[in-house]
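Report on the following structure.
What you see below is based on every heavy atom in this structure, not just the backbone, and it leaves out hydrogens, waters and symmetry mates. Treat the numbers as computed from the prediction; the structure is a model and nothing was measured.
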Amino acid sequence: QDVMGAAQSRIGKVFDDAHAAGAQPSYSNVLKRLDDFETGLSPLERKAIAGPLKEAREAVLEYGAKPVGDPKGGFNGLNKLKQDLQAQAKWSKANPEQEFSATLKRQLSHVVRDELDTQLGAFLGPAEARKFLDAKKLYGLLSAAERIAEHGAEKLGGNDAPKFRQFYTA
């Protein structure tokens with residue numbers, strides 16, 4: 001838990017530092033990455049992801065219109081967009097009809113995540129960018145392990161199984 005909290009803290013500090021410095025992402029680069037993503041899709045894929053892609057573009061423009069220093073803009077805004085896209089992607093296994101769309105939504109969230117990481121890396125510099133990406137990777141691995149452990153506990157103990165966090169938090 002301490003390691004997971006430390007990784008999450010490091011990640012949050014990067015966003016806080018970028019905000020405090022008044023650093024702004026290149027919204028045009030984000031829009032270009034979205035355009036490039038769309039260009040690489042088949043006609044059926046473009047149709048399936050059209051709504052979420054349009055919403056993502058609109059959100060980028062909305063965050064870009066916020067004044068410098070607005071806590072809901074800048075890198076914080078793009079991070080919120082990434083989180084919203086991830087939530088829409090339904091990371092759990094979808095039924096076959098939804099899986100096609102869910103896969104595209106995951107790809108869309110990856111596009112925003114990768115561009116966000118690239119731009120934050122430029123703000124941080126190479127050494128700090130590596131620490132930031134390492135913290136994100138560690139947090140992701142620990143979070144995945146926690147989900148797997150909870151799923152296993154539920155399988156063994158049914159719905160009455162305690163949540164995994166109860167075993168390692170005190």
For residues 121-130, tabulate all N or O donor-acceptor pairs below 3.5 Å that involve a side-chain atom, not counting sequence neighbours.
from, atom 1, to, atom 2, distance (Å)
Glu128, OE2, Lys131, NZ, 3.1
Arg130, NH1, Asp134, OD1, 3.0

Next item on the list: Can you see which heavy atom on Tyr27 is nearest to which on Val60, and at what distance?
Entry: CD2-O, 3.7 Å
Notebook entry, point to check: Going by atom types only, do Lys82 and Asn79 share a side-chain donor-acceptor pair under 3.5 Å?
Noted result: yes
Note to self: Check Arg106 with Glu99, please: is the shortest side-chain N to carboxylate O separation under 4.0 Å?
What the structure shows: yes
Check: Of the non-hydrogen atoms in Ala102 and Ala89, which two are nearest, and what is the gap between them?
Finding: CB-O, 3.6 Å
Check: At what distance, to the nearest 0.5 angstrom, does CZ of Arg113 lie from CG of Leu78?
Finding: 14.0 Å
Notebook entry, point to check: Just wondering, do Lys80 and Lys72 contact through their side chains at under 4.5 Å, heavy atoms?
Noted result: no
Notebook entry, point to check: Shortest non-hydrogen contact from Ser109 to Leu85?
Noted result: CB-CB, 3.7 Å
Checklist line | Side-chain donor/acceptor of Gln88 to backbone N/O of Lys105, under 3.5 Å | finding: no
Check: Roughly how far, to the nearest 0.5 Å, is NZ of Lys54 from CZ of Arg57?
Finding: 11.0 Å
Margin query: As an exercise, state the distance from CG of Asp36 to CD of Glu115, rounded to the nearest 0.5 Å.
Written below: 9.5 Å
Next item on the list: Take Arg33 and Asp114 through the side chain to side chain contact (heavy atoms under 4.5 Å, CB included) test and state the conclusion after the steps.
Entry: CA-CA 9 Å; Arg33 289 285 300 270; Asp114 291 345; 3.5 Å; yes
Item checked: Heavy-atom pair of closest approach, residues Leu120 and Ala18 -> CD2-CB, 4.2 Å
Note to self: Can you tell me how far apart CD1 (Ile11) and OH (Tyr139) are? Round to the nearest 0.5 Å.
What the structure shows: 7.5 Å
Notebook entry, point to check: Between Asp70 and Tyr63, is any pair of side-chain heavy atoms under 4.5 Å apart?
Noted result: no
Notebook entry, point to check: Do Leu61 and Val112 share a hydrophobic cluster, counting only Ile, Leu, Val, Met, Phe, Trp and Tyr and linking them when any side-chain heavy atoms are less than 4.5 Å apart?
Noted result: yes
Check: Nearest heavy-atom pair of Arg10 and Ala135: which atoms, and what distance?
Finding: CD-CB, 3.5 Å
Review item, side-chain donor-acceptor pairs of residues 44-51, under 3.5 Å, at least two apart:
from, atom 1, to, atom 2, distance (Å)
Glu45, OE1, Ser42, N, 2.8
Glu45, OE1, Ser42, OG, 3.3
Arg46, NH1, Leu41, O, 2.5

Notebook entry, point to check: Does any non-hydrogen side-chain atom of Leu34 lie less than 4.5 Å from one of Leu108?
Noted result: yes
Notebook entry, point to check: Can you check whether Leu116 reaches Phe75 side chain to side chain, under 4.5 Å on heavy atoms?
Noted result: yes
Next item on the list: Looking only at non-hydrogen atoms, find the nearest pair between Ala56 and Leu81 and report the distance.
Entry: O-CD2, 4.0 Å
